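Here's the structure we're looking at; comments come further down.
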Amino acid sequence: MRPVKLFYLERCPFCKRAFAYIEELKKEERYKDIVIETIEESFHPEIAELYNYYYVPTFYIDERKEHEGGIFKEEVKAIFEKALQ
């Protein structure tokens, strides 16, 4: 299992939706142990500057961008599936 890195902004409505999908999916046995490192980009701009993205939420696995911007539950699930590989 590989950890997921998530860049977000506290007031971003798309980020709030992503967190809701994450919370819902992590109730499933298959996804409950996935580790998600969350980075609020305005609190940690020095970390955010090291990554190539423009929109949040942005998900990375193994330093590879998996998704950027508005997101649906199925897309979070696909990211989780990649993390399990």
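Quick caveat, the model's predicted, so the values are computed rather than measured. Counting from 1, the numbers follow the sequence of the chain as shown. FYI, side chains are in, hydrogens and waters are out, and symmetry mates aren't considered; it's all heavy atoms of this structure.
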key: Euclidean distance, E28 CD relative to I34 CD1, rounded to 0.5 Å   =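 Reported value, rounded in 0.5 Å steps: 10.0 Å.
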
ask   = Can you tell me how far CD of E24 sits from NZ of K77, rounded to the nearest 0.5 angstrom?
value =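 Here the rounded value is 10.0 Å.
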
If you group Ile, Leu, Val, Met, Phe, Trp and Tyr by side-chain heavy-atom gaps below 4.5 Å, do [X] and [Y] land in one group?
X: I36; Y: L25; value: yes
X: V4; Y: I39; value: no
X: F80; Y: Y21; value: yes
X: I71; Y: Y60; value: no

request  = Flag yes if more than 12 heavy atoms outside K26 fall under 6.0 Å of its NZ atom; otherwise flag no.
outcome  = yes

query = Does CD in E10 sit with more than 12 non-hydrogen atoms of other residues, nucleotides or ligands closer than 6.0 Å?
reply = no

ask   = Do I22 and L6 have side chains that get closer than 4.5 Å, going by heavy atoms?
value = yes

ask   = Can you find a pair of side-chain heavy atoms, one from F59 and one from F7, that are under 4.5 Å apart?
value = no

ask   = Would you say the side chains of S42 and E40 form a donor-acceptor pair under 3.5 Å?
value =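 Indeed, the side chains of S42 and E40 share at least one donor-acceptor pair under 3.5 Å.
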
ask   = How about Y31 and E81: does a side-chain donor come under 3.5 Å of a side-chain acceptor?
value = yes

message = Please determine whether ring pair (Phe, Tyr, Trp, His ring centres under 6.0 Å) holds for the pair Y8 and F19, giving the CA-CA distance in whole Å, both sets of side-chain angles, and the decisive distance to 0.1 Å.
response = CA-CA 10 Å; Y8 73 99; F19 278 110; 4.9 Å; yes

Please tabulate, one pair per line, all N/O donor-acceptor pairs under 3.5 Å involving side-chain atoms of residues 61-68, not counting sequence neighbours.
from	atom 1	to	atom 2	distance (Å)
D62	OD2	R2	NH1	2.7
E63	OE1	Y51	OH	2.6
E63	OE2	K5	NZ	3.3
E63	OE2	Y51	OH	3.4
R64	NH1	E66	OE1	3.3
R64	NH1	E66	OE2	3.0
K65	NZ	N52	O	2.9
K65	NZ	E68	OE1	2.7
E66	OE1	K82	NZ	2.8
H67	NE2	G69	O	3.2
H67	NE2	G70	O	2.8
E68	OE2	Y54	N	2.5
E68	OE2	Y55	N	2.8

inquiry  = Test question: given the 4.5 Å side-chain rule for I, L, V, M, F, W and Y, name all other residues clustered with F72, or answer none.
reply    = none

inquiry  = Holding to salt bridge (Lys or Arg N to Asp or Glu O under 4.0 Å), I want the full list of residues that pass it with K32, two or more places apart in sequence or in another chain.
reply    =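 In terms of salt bridge (Lys or Arg N to Asp or Glu O under 4.0 Å), with neighbours along the sequence ignored, K32 is linked to E29.
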
